[in-house]
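Structure, as structure tokens:
Throughout, protein chains are lettered first and strands after them, A, B, ... in sequence-line order, and every chain is numbered starting at 1. Fair warning: this is a prediction, and the values are worked out from it, not measured in the lab. No hydrogens, no waters, no symmetry mates; every other heavy atom, side chains included, goes into these values.
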2 protein chains.
Amino acid sequence: MNSSHFSISLHILTLLDQVKGQLLNSEYIARSINCNPVLVRKELANLHKHGFVQSKEGKGGGSTLAKNSADINLGDVYRAVKQKSLLGGSRNEPNPDCPVGRQITKHLNDLYDEAETALVKNLSSKTLQEFSAGFK
Amino acid sequence: MNSSHFSISLHILTLLDQVKGQLLNSEYIARSINCNPVLVRKELANLHKHGFVQSKEGKGGGSTLAKNSADINLGDVYRAVKQKSLLGGSRNEPNPDCPVGRQITKHLNDLYDEAETALVKNLSSKTLQEFSAGFK
DNA sequence: TCATACTGTAACTATTTTTATTACAGAACA
DNA sequence: TGTTCTGTAATAAAAATAGTTACAGTATGA
């Protein structure tokens with residue numbers, strides 16, 4: 001993927017959890033993250049698509065969590081946010097005339113899938129509520 | 001890190017294991033990977049620094065494994081190759097005036113460290129020999 | 001009903017990161 | 001002593017990422 005998506009999404013979700021149902025707009029969130037509001041809105045669009053947040057358009061609008069933070073686990077967030085494999089994905093095709101080059105993409109993908117599964121499993125053991133509770 | 005480093009390093013190590021002690025030069029390796037030979041030499045320099053390969057300069061030179069592939073595990077390779085945290089690392093500092101912004105970097109880093117440890121543990125359960133044996 | 005303040009999205013620009021290229025000194029070899 | 005490598009630096013090109021501008025559509029309330 002691109003790791004900052006996950007950071008930004010988690011930052012957003014944490015903010016939304018902290019304010020308990022209050023609507024936050026993209027400008028406010030962007031100031032906390034210190035990034036562009038459009039980037040926040042794009043990230044929110046993705047979180048919305050995956051059912052983590054609800055948004056309200058128009059004046060006084062903003063976003064809020066669509067479910068209880070205890071029911072959101074970080075592995076699910078990771079999967080929702082993920083765009084491409086964490087490892088892997090070189091831009092050049094290895095040489096098909098080389099026995100190693102011909103097969104390595106598949107072998108690497110298998111390896112990466114397994115490794116990433118282990119990572120996601122770890123993340124899945126934590127809820128947003130737990131993560132958010134660490135902030136005082 | 002930058003995931004292609006790991007892919008390239010593993011590709012190199014696999015090639016070196018396949019030819020069992022024969023010296024391979026960076027040009028040959030680069031053709032299999034389909035990348036620039038200088039990139040291969042840089043990657044080899046790092047693998048050399050971490051004791052995975054030996055190199056011989058001069059005419060007829062090249063590289064070879066510095067130890068038995070059964071004694072190289074993929075978690076160690078990952079750690080040798082890793083340059084920065086897999087997740088995390090956004091380029092802007094979150095807002096220190098926001099309670100969430102002020103603390104999130106640390107919280108994210110802790111989270112990422114644990115998740116990455118799970119991933120490395122998975123990789124560590126596999127040796128280069130096993131990986132390389134998958135190629136026929 | 002109209003000004004205001006949002007979201008959602010697209011198009012474009014800027015910045016940063018990654019990869020490729022060029023170049024060359026020094027090593028080993030025949 | 002010419003050739004073929006490594007090792008490394010400097011630079012250029014390409015790709016990925018983030019930021020900006022712009023604007024249509026939606027809700028709000030004076």
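- One atom, CG of B:N92, and another, C1' of D:dG19, lie 10 Å apart when rounded to the nearest Å.
- Listed by chain and number, the residues in a side-chain contact (heavy atoms from CB on, under 4.5 Å) with B:D110 are B:K106 (sequence neighbours excluded).
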Check your understanding: Reading nucleotides 22-30 of chain C from the 5' end, what letters show protein touch, with B for base, S for backbone sugar-phosphate only, - for no heavy atom under 4.0 Å?
Key -> BB--BBBB-
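- One can place CD1 of B:I33 at 12 Å from P of C:dT19, the figure rounded to the nearest angstrom.
- The 5' end of DNA chain D is approached more closely, in terms of each residue's nearest nucleotide, by B:G62 than by the other of B:K42 and B:G62.
- Counting to the nearest Å, the C1' atom of D:dT20 and the CG atom of A:N34 are 15 Å from each other.
- To the nearest 0.5 Å, atoms OG1 (B:T64) and NZ (B:K56) are separated by 11.0 Å.
- Applying a 4.0 Å cut-off to non-hydrogen atoms, the residues of residues 9-30 of chain B that approach DNA chain D are B:N25, B:S26, listed by residue number.
- Protein atom CD1 of A:I8 is 6 Å distant from nucleotide atom P of D:dA18, rounded to whole Å.
- Listed by chain and number, the residues in a side chain to side chain donor-acceptor pair (under 3.5 Å) with A:Y28 amount to none (sequence neighbours excluded).
- For B:L39 and D:dG7, the CG to P distance is 14 Å, given to the nearest whole Å.
- Distance, B:L47 CG to D:dG7 P: 11 Å, rounded to whole Å.
- Rounded to a whole Å, the NE2 atom of B:H5 is 10 Å from the C1' atom of C:dT19.
- Among pairs with a residue in residues 39-54 of chain A, those fulfilling side-chain hydrogen bond (donor to acceptor under 3.5 Å, both in side chains) read A:H5-A:E43, A:S9-A:E43, A:S26-A:R41, A:N46-A:H50, at least two apart in sequence or across chains.
- Partners of B:K67 according to the side-chain contact (heavy atoms from CB on, under 4.5 Å) rule, which considers only residues two or more places apart in sequence or in another chain, are B:F52, B:I72.
- Residues that satisfy the side-chain contact (heavy atoms from CB on, under 4.5 Å) test with B:Q18, not counting sequence neighbours, are A:V100, B:T14, B:S132, B:F135.
- Here A:E130 pairs with nothing under the salt bridge (charged side-chain N to carboxylate O under 4.0 Å, His left out) rule; sequence neighbours left out.
- Take B:E27 and apply the salt bridge (charged side-chain N to carboxylate O under 4.0 Å, His left out) test, not counting sequence neighbours, and it matches B:R31.
- Residues satisfying the side chain to side chain donor-acceptor pair (under 3.5 Å) test with B:T127, not counting sequence neighbours, are none.
- Phosphate proximity of D:dA18 to A:S4: present, with a side-chain N or O under 4.0 Å from OP1 or OP2.
- Under the side-chain contact (heavy atoms from CB on, under 4.5 Å) criterion, B:N92 pairs with A:N34, A:C35, not counting sequence neighbours.
- An end-to-end axis angle of 0° holds for the helix from C:dT1-D:dA30 to C:dA30-D:dT1, taken from five base pairs per end and rounded to 10°.
- Taking all atoms of both residues into account, the shortest heavy-atom contact from B:G134 to A:H107 is O-NE2, 3.2 Å.
- Separating the CD atom of A:E43 from the C1' atom of D:dG19 is a distance of 14 Å, rounded to the nearest angstrom.
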